[in-house]
Amino acid sequence: MRTQVGIIGGGPSGLLLSQLLHLRGIETVVLEKHSREYVLGRIRAGVLEHSFAALMREAQVGERMDREGQIHEGFFIAHDGIKERVDLRALTGGKTVLVYGQTELTRDLYDARDRFGGVVIHGAEDVRPHAIDTSRPYLTYRVGADVERIDCDYVVGCDGFHGVSRQSIPNDKIRLLERVYPFGWLGVLSRTKPVSPELIYAAHERGFALCSLRSPSLSRYYIQVPVTDSVDDWSDEQFFDELHRRLPDEVATAMITGTSIEKSIAPLRSLVVEPMRFGNLFLAGDAAHIVPPTGARGLNTAASDIYYLYHALVDHYSKRDDRGLESYSERALARVWKGQRFSWWMTMLLHQFPDNSPYENRLQKTELDYLFSSEKALASLAENYVGLPF
Ligand code: APR
Ligand code: PHB
């Protein structure tokens, strides 16, 4: 088989790129290791910044997102028994975020690829990029006993943190810059009315907590736990008890608890791969960078990679202009690092760090004090939360 752009990974990054390129007459094939059901079974964050939503609309997949997604004009930070509001709209001159689950968004992208006759191959095992440092790269993969080959002009690695793309770049050609945090987030999804229509991020001496939601009847709650904990250590009752302890009384008493319909632990990690290109292999999304979920930047940072790469590929095919491809890594990384900085900062602000000295703990408290005493500091938080321009 031959295509123009071979895409490894059928998560949001790979599907969105494939859909956008299709609309501009550029052929793609997406190779996904897992089944569609498996991909759509993953529960991930769901806060979309303005530019991400715009890209979805450009890809003609924004209809349900606009109908069912909820516009959030602000969120709360709870600390010391109170909750304070960050008014995103007022602080950013009118910008907001859209709460729409990543699972739903991925479903919409799959539906669109079907509708437009896109080629997404599921159950592709042993996917491997070859000859990526030449002008004739190709991909091989296996379905059962059959090995297939796809020749392409470019390979795009959208295969997430554990993918094969990054690993196929020689070690001396890339650098991994990484920070691993000594805790994770234990998340529970429950079919209950969310305690607050707007998100509540809570800093507490027992650890961080977050009250989020997917819809008016679906809540998503998280608590910080040691990275060594497992889901089995936490019954639903224990989870909600601990969540209550970390929230201001008025929030805890208003909370409706219920049975979890999903429970998982995500370790917190920051990672950047530099550069995001090797020869004719381009990395995008989680394949190139990971952020802790605190600033809701994961998917949104993937979106800017896709935006730059999409335009670079369109310029290549329509105008033979390769400047976008040549500068992709540099441009993408400039925004990636801002997302890293913000996610790291939000994480430092709100979590308990077991190895922090009393001095560092006082600084952390002062950071919160400063934030809510300075309009400029809050505006900076808001500007980053709604998303910096591409
Ligand atoms: N071959 C083929 N597909 C693979 C391989 C492989 N060797 N390894 C991984 N994949 C697939 C995964 O099964 C997954 O469906 O690649 C996809 C990667 O998807 P994501 O991990 O969702 O990454 P991405 O599409 O970049 O999405 C951006 O933002 O909010 C964050 O982590 C969150 O997934 C989100 C990400
Ligand atoms: C979520 O709803 O899953 C969520 C929301 C905001 C975050 C992280 C996760 O910062």
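Quantities reported herein were computed from a predicted structural model and do not represent experimental measurements. First listed ligand is number 1; within each ligand, the first listed atom is number 1.
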Check the side chains of Gln364 and His351 for a donor-acceptor pair under 3.5 angstrom, ignoring hydrogens and angles. no

How does Leu210 reach ligand 2, if at all, at less than 4.0 Å between non-hydrogen atoms: by side chain, backbone, both, or neither? side chain

With no hydrogens and no angle check, do the side chains of Tyr222 and Arg220 hold a donor and an acceptor under 3.5 Å apart? yes

Heavy atoms only: which of Ala124, Ala266, Gly163 is nearest to atom 8 (N) of ligand 1? Gly163

heavy-atom search around atom 21 (O) of ligand 1 in the protein gives Arg44 NH1, 3.5 Å

Return yes if a side-chain donor-acceptor contact under 3.5 Å exists between Arg297 and Ser343, otherwise no. no

For the residue pair Glu326 and Arg277, establish whether any side-chain heavy-atom pair is separated by less than 4.5 Å. yes

Thinking salt bridges, do Arg214 and Glu262 make one under a 4.0 Å N-O criterion? no

Residue part near ligand 2, for Ser212, under 4.0 Å between non-hydrogen atoms: side chain

Would you mind checking which non-hydrogen protein atom is closest to atom 18 (C) of ligand 1, with the distance to 0.1 Å? Cys158 O, 3.4 Å

Would you check, one step at a time, whether the test ring-ring contact (aromatic ring centres under 6.0 Å, His included) holds for Tyr385 with Phe75? CA-CA 10 Å; Tyr385 197 87; Phe75 64 87; 4.4 Å; yes

Are Glu383 and Ser380 linked by a side-chain donor-acceptor pair shorter than 3.5 Å? no

What residue and atom, counting heavy atoms only, is the protein's closest point to atom 19 (O) of ligand 1, and at what distance? Gly11 CA, 3.5 Å

Going by atom types alone, do Ser18 and Arg113 pair a side-chain donor with an acceptor below 3.5 Å? yes

Rounded at 0.5 Å granularity, tell me how far OG1 in Thr294 sits from CH2 in Trp345. 11.0 Å

For the residue pair Asp305 and His289, confirm or rule out a side-chain donor-acceptor distance under 3.5 Å. yes

Show me which atoms of ligand 2 lie under 4.0 Å from any heavy atom of Val47. 5 (C), 6 (C)

Protein residue, atom and distance nearest to atom 9 (C) of ligand 1, heavy-atom basis: Asp159 O, 3.1 Å

Ligand 2 versus Phe75, non-hydrogen atoms closer than 4.0 Å: side chain, backbone, both, neither? neither

For the CD atom on Gln238, are there more than 12 heavy atoms of other groups (residues, nucleotides or ligands in this structure) within a distance under 6.0 Å? yes

Find all atoms of ligand 1 within a distance of less than 4.0 Å from any non-hydrogen atom belonging to Leu31, and give their numbers and elements. 2 (C), 3 (N)

Please list, in number order, the atoms of ligand 1 under 4.0 Å from a heavy atom of Val164. 7 (N)

Near Ala296, which atoms of ligand 2 are under 4.0 Å from a heavy atom of that residue? 7 (C), 10 (O)

Protein heavy-atom partner closest to atom 13 (O) of ligand 1 - residue, atom, separation in Å: Glu32 OE2, 2.6 Å

Answer with yes or no whether Met346 contacts ligand 2, where contact means a heavy atom under 4.0 Å from a ligand atom. no

Leu40 CG: over 12 foreign heavy atoms closer than 6.0 Å: yes

Any idea which atoms of ligand 1 are less than 4.0 Å away from a heavy-atom of Val127? 1 (N), 2 (C)

With the threshold set at under 4.0 angstrom, would you say Gln102 reaches ligand 1 through any of its heavy atoms? yes

Donor-acceptor contact below 3.5 Å, side chain Thr3 vs main chain Glu27: yes

Less than 4.0 Å between a side-chain N and a carboxylate O, is that true for Asp151 and Arg149? yes

If you scan protein heavy atoms around atom 9 (C) of ligand 2, the nearest is Ala45 CB, 3.7 Å

Please evaluate residues Phe390 and His311 with respect to the criterion ring-ring contact (aromatic ring centres under 6.0 Å, His included), reporting the C-alpha separation (whole Å), side-chain torsions for both, the decisive distance (0.1 Å), and the verdict. CA-CA 12 Å; Phe390 286 171; His311 285 285; 9.3 Å; no

Ring-face cation contact, Phe278 with Lys173, 6.0 Å cut, 45° max: no

Any N or O of Phe161 closer than 3.5 Å to N or O of ligand 1: no

Flag the pair Asp159 and Lys33 as a salt bridge only when some basic side-chain nitrogen lies within less than 4.0 angstrom of an acidic carboxylate oxygen. no

How about Arg142: does its CZ atom have over 12 heavy atoms from other parts shown lying under 6.0 Å from it? yes

Thr294, any N or O under 3.5 Å of ligand 2 N or O: yes

Pro293 N/O to ligand 2 N/O under 3.5 Å: yes

Answer with yes or no whether Ala45 contacts ligand 1, where contact means a heavy atom under 4.0 Å from a ligand atom. no

Which of the atoms in ligand 2, numbered in the order shown and given with their element, are less than 4.0 Å from a heavy-atom of Arg214? 1 (C), 2 (O), 3 (O)

The protein heavy atom nearest to atom 2 (C) of ligand 1 is Lys33 N, 3.3 Å

Of Gly285, Ser13, Gly14, Gly9, the one whose closest heavy atom lies nearest atom 24 (P) of ligand 1 is Ser13

for atom 6 (C) of ligand 2, nearest protein heavy atom and its distance come out as Tyr201 OH, 3.3 Å

Provide the number and element of each atom of ligand 2 under 4.0 Å from a heavy atom of Leu199. 5 (C), 6 (C)

Please confirm whether Arg42 approaches ligand 1 to less than 4.0 Å, judged on its heavy atoms. yes

Applying a heavy-atom cut-off of 4.0 Å, say which part of Pro293 lies close to ligand 1: side chain, backbone, both or neither. neither

What protein heavy atom sits nearest atom 3 (O) of ligand 2, and how far off is it? Tyr222 OH, 2.5 Å

Would one find an N or O of Leu299, backbone or side chain, under 3.5 Å from an N or O of ligand 1? yes

Ile8 heavy atoms, cut-off 4.0 Å: which ligand 1 atoms fall inside? 1 (N), 2 (C)

Just to confirm my output: which protein heavy-atom neighbour is closest to atom 32 (O) of ligand 1, and how far is it? Asp286 OD2, 2.5 Å

